[in-house]
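Reviewing the structure listed below.
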Amino acid sequence: MDLRFNTSLAEGYKSASQIARVLTEDWLARNMYCPICGEVSIRRAKPNAPVKDYVCEHCKSQYELKSKRSDSESFQATVADGVYRTMIGRITSLENPSFFFMHYDRYEVNNLVIVPKCFFTPSVIEKRDALAATARRAGWEGCNILMREIPTTAKIPIIRNGIALPVQEVVSHYHRVFNLQTKSLESRGWLMDTLHLVERLDETFTLKQMYSFVDELQVKHPDNNHIPDKIRQQLQFLRDKGIIEFKGNGVYRKI
């Protein structure tokens with residue numbers, strides 16, 4: 001995998017954002033395989049396809065790319081996106097895409113991760129203020145993707161610090177994480193909340209420590225009067241999916 005951009009494509013463009021879009025989209029189309037089925041390439045979607053940039057011809061999986069110039073491995077707290085209503089409509093449907101997030105610098109890719117589509121809920125999408133009445137697109141409402149609201153578990157590395165990981169390793173990692181998918185948005189939200197809390201604890205943790213988050217979860221789920229029961233249910237789900245291991249006596253270990 002060649003991590004360098006084809007800078008000749010930037011000729012004729014003056015806008016930095018346009019140059020970045022052209023170079024990063026071309027790089028992904030030329031170099032990226034499908035991290036879901038391992039197909040050697042993915043193709044660009046039709047121009048202006050809503051919340052979809054690329055499609056795998058083999059498994060029909062859909063992807064969108066978000067990129068930023070940075071030499072950091074840590075992805076920024078928020079990522080700007082397009083129309084708020086369009087984004088919400090897509091991620092709450094059965095056809096929502098998975099997202100590539102790229103960092104690049106000096107016309108090379110530094111870091112690239114993929115977040116499976118099952119980790120996108122309305123809670124990770126922030127509506128931006130509508131454009132002023134004096135703006136060319138008055139009333140237009142964009143959105144931000146809140147990266148901090150996506151569990152670390154869901155951010156699957158493809159390129160890390162300038163080094164591409166083996167294809168089969170990425171595909172295997174993707175399937176292990178995507179195995180956590182749930183059938184409803186509510187279940188998806190509980191999964192996200194539980195993973196966030198588990199990631200805040202040490203490698204070995206206890207049910208009592210998880211219960212310390214009851215008040216925090218109650219704020220997020222005010223209509224649920226059985227938060228401790230829900231915590232136990234979610235821990236059992238993560239155990240059954242191979243994310244954590246139950247050691248007995250209320251003790252768990254991250255795998």
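Starting from 1, each residue takes its place in the sequence as its number.
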Just by distance, with hydrogens left out, do Asp202 and Thr204 show a side-chain donor and acceptor under 3.5 Å apart? no
Counting distance only, does the side-chain N/O of [X] pair as donor-acceptor with the main-chain N or O of [Y] below 3.5 Å?
X	Y	value
Gln209	Thr206	yes
Lys66	Asp81	no
Glu126	Leu146	no
Ser67	Met102	no
Gln218	His221	yes
Arg85	Glu141	no
Tyr54	Glu25	yes
Asp2	Arg4	yes
Lys155	Met147	yes
Ser98	Lys117	yes

For the residue pair Trp27 and Phe5, does the interplanar ring angle fall in the parallel (under 30°), tilted (30 to 60°) or perpendicular (over 60°) class? perpendicular
If the plane angle is over 60° it's perpendicular, under 30° parallel, otherwise tilted; pick one for Phe101 and Phe120. parallel
So [Y] and [X], do their side chains get closer than 4.5 Å, heavy atoms only?
X	Y	result
Leu201	Tyr252	no
Ser70	Asn110	no
His175	Phe178	no
Glu57	Arg43	yes
Ile158	Tyr33	yes
Phe237	Leu180	yes
Val115	Ile156	no

Should we count [atom1] of [X] as having more than 12 external heavy atoms under 6.0 Å?
X	atom1	result
Arg69	CZ	no
Arg200	CZ	yes
Asp129	CG	no

So does Arg90 pair up with Glu64, basic N to acidic O under 4.0 Å? no
Exactly one candidate in Arg148, Glu149, Arg128 meets side chain to side chain contact (heavy atoms under 4.5 Å, CB included) with Thr78; the answer is Arg148
